[in-house]
Each structure stands twice: as C-alpha cells, then as structure tokens.
Amino acid sequence: MFYPSRNITEAKNTQDWRGDNNKRAFLGSATFMEDPCGIAHRPMHAVALSLEEVKVVRYLSMDDKPAEHVLGVGPHKDYSFLTILMQDDDVGGLQVQTADGKWIVRCNSNPNTFIVNIGEAFERLIQCCYVATTHRILNNTTGRDRISIPIFFNPATDAQIPHVRIPNYILRQVPANVLLQDPIYGISAFKGLARSHMNEFERWYATGEDGIVKRREV
Ligand SMILES: O=C(O)CCC(=O)C(=O)O
Ligand SMILES: [Fe+2]
C-alpha cells in the first residue's frame, strides 16, 4: 500500500511515491516497451528488473462479520504489469470474476501453486487483447487467519504506458472494452487504490471543491 504525500496533480511527475526502487522498476518495463517483439525471447530479464513490491498480508478470520466485510479487498484489477500470488491453500477468500460477471469462489484448487494475474498496465500495453483479472478477497469465517504473499511487478509511478503495435486482424477480435487506466501508471494505481481499498482511501484522501483529490491533513 502506498500513500503519496502530495496531491494527485502535483504527484503526476514525481518519483517519490515509492522511492528510488521505481527507477529500477522502470528499466524492466522499458525492456518490454522498446522492443515488444522481444517479449517472448527475454521475459525473465525484464521481469527480474521490474520486481518492485512484495507484501505479506494477514487477514484475520472474523466469523461474526459478513463476507464483504472491509477487512478483505474490494473488487479490483491489480494496477501492476503482472502479479504472482502465493496464498494459503486451505483458507479461501480469493474470488475471480468471469467475463460474464460471475464470481468463481474457489480459484486456488491446486495446492502448492502460484496464481498469476495480469494487471492493468499489461492490459493497457496490449490494448485489452488480454484483460486484467477482476478479483476480490472476502472475509473468511473459518476460524483460521489467512496469509497471502502477492508480488507485484510494477512500472515506475511516472512511467507512461504506451500501446504496443498489435496486428489489425487481432485487434478486430477484441470486444470493445473501456480502458479505465490513465496513460501514466501512477495515476492509474492511485485510482485503483481508491476502488479496491475504499475505506482506507476515504480515511487518507478527500475530494476538494475544485474536484482535486488531496491528502487529508492529519
Ligand atoms: O491477498 C490476496 O490474496 C490478494 C490481495 C490482492 O488482491 C491485492 O492486494 O491486490
Ligand atoms: Fe489484487
């Protein structure tokens, strides 16, 4: 989770939301962007350079609270380029939404495996030829806490995500899709945070009369 210290318009061109790590992260993404045709040939090189953020999450089991209790994570697409998720094989909670809007309840049915999500940065890069996975985490009522470890491979916060050239015969098959993302990765990530962590967001940010989202004074 990140909390930019400036308001969103000022933050547009800064590197300071996530620190110097971003510079390394950007190298990784740049490898994809400069040479999209090379993606298949050197994915590991690019991914290794773009490793940015790992978090270990412990979701307390709350059997007296509804499934949609705020301790989980609301419906969202990861803002990342790619996410690799290690999660508890026994305690569920992760749900994935299908294209027709249904929630798949148990999506980690293979023990000892990782879940790989493509994120919004990837979706934008390839013009929705692949769609980022909408998912959420429900409160679990099993009596056991749930541990998960997502690793997010992110572009730099001020990286501008281009579209790679996709042949027309492929683009013609892509259903019309609304791209939620701003071209600047950090702006998209900020908006994504507002969608997925609504209560946290409201605690730290407010929309002013001028319509600009600003960090609350504490
Ligand atoms: O805890 C999980 O299993 C995934 C959390 C998640 O979706 C996220 O942090 O983006
Ligand atoms: Fe996620």
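Order of listing sets the numbers, starting from 1, for every ligand and every atom in it. Nothing fancy with the numbering, it's 1 onward along the sequence. Here the structure is a predicted model, which is why all the values come from computation and not from measurement.
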Taking [Y]'s backbone N and O only, do any of them form a donor-acceptor pair with [X]'s side chain (distance below 3.5 Å, no angle check)?
X: R144; Y: V91; value: no
X: R216; Y: E202; value: yes
X: S148; Y: Q87; value: no
X: E123; Y: A132; value: yes

I need the minimum non-hydrogen distance between [X] and [Y], along with the two atoms involved.
X: C129; Y: I166; value: SG-CG2, 3.7 Å
X: I161; Y: A121; value: CG2-O, 3.6 Å
X: P150; Y: K55; value: CD-O, 3.0 Å

With heavy-atom distances below 4.0 Å as the criterion, list the atoms of ligand 1 near [X].
X: F152; answer: 8 (C), 9 (O), 10 (O)
X: D78; answer: 10 (O)
X: L85; answer: 2 (C), 3 (O), 4 (C)

Looking at [atom], what's its closest protein heavy atom, distance included?
atom: atom 2 (C) of ligand 1; answer: S148 OG, 3.2 Å
atom: atom 3 (O) of ligand 1; answer: R146 NH2, 2.7 Å
atom: atom 5 (C) of ligand 1; answer: Y59 OH, 3.5 Å
atom: atom 4 (C) of ligand 1; answer: I137 CD1, 3.6 Å
atom: atom 8 (C) of ligand 1; answer: H76 NE2, 3.7 Å
atom: atom 7 (O) of ligand 1; answer: H135 NE2, 3.0 Å

- With D100 via side chain to side chain donor-acceptor pair (under 3.5 Å) - residues at least two apart: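 Per chain and number, D100 pairs via side chain to side chain donor-acceptor pair (under 3.5 Å) with T98, K102.
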- Message: Can you tell me if L94 contacts ligand 1 (heavy atom of the residue under 4.0 Å from the ligand)?
- Response: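 The answer is no: ligand 1 sits nowhere under 4.0 Å from a heavy atom of L94.
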- Query: Do the ring planes of F122 and Y130 sit parallel (below 30°), tilted (30 to 60°) or perpendicular (above 60°)?
  - Reply: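 Taking Y130 first and then F122, their aromatic rings sit tilted (interplane angle of 30° to 60°).
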- Message: Could you measure the distance from the CD1 atom of I118 to the CG atom of L82? Nearest 0.5 Å is fine.
- Response: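 With rounding to 0.5 Å, CD1 (I118) is 8.0 Å from CG (L82).
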- Task: Look at the side-chain heavy atoms of Ile, Leu, Val, Met, Phe, Trp and Tyr, link any pair under 4.5 Å apart, and say whether V96 and W103 land in one connected group.
- Result: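 They do not share one cluster, since no chain of ILVMFWY contacts under 4.5 Å joins V96 to W103.
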- Message: Suppose the cut-off is 2.8 Å; which protein N/O/S atoms would you list for the Fe ion (ligand 2)?
- Response: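 Listed by chain and number, the nearby protein N, O or S atoms are H76 NE2, D78 OD1, H135 NE2.
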- Task: Can you figure out which of K77, R58, K55, Q87 has its heavy atom closest to atom 9 (O) of ligand 1?
- Result: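 Nearest heavy atom to atom 9 (O) of ligand 1 lies in K55.
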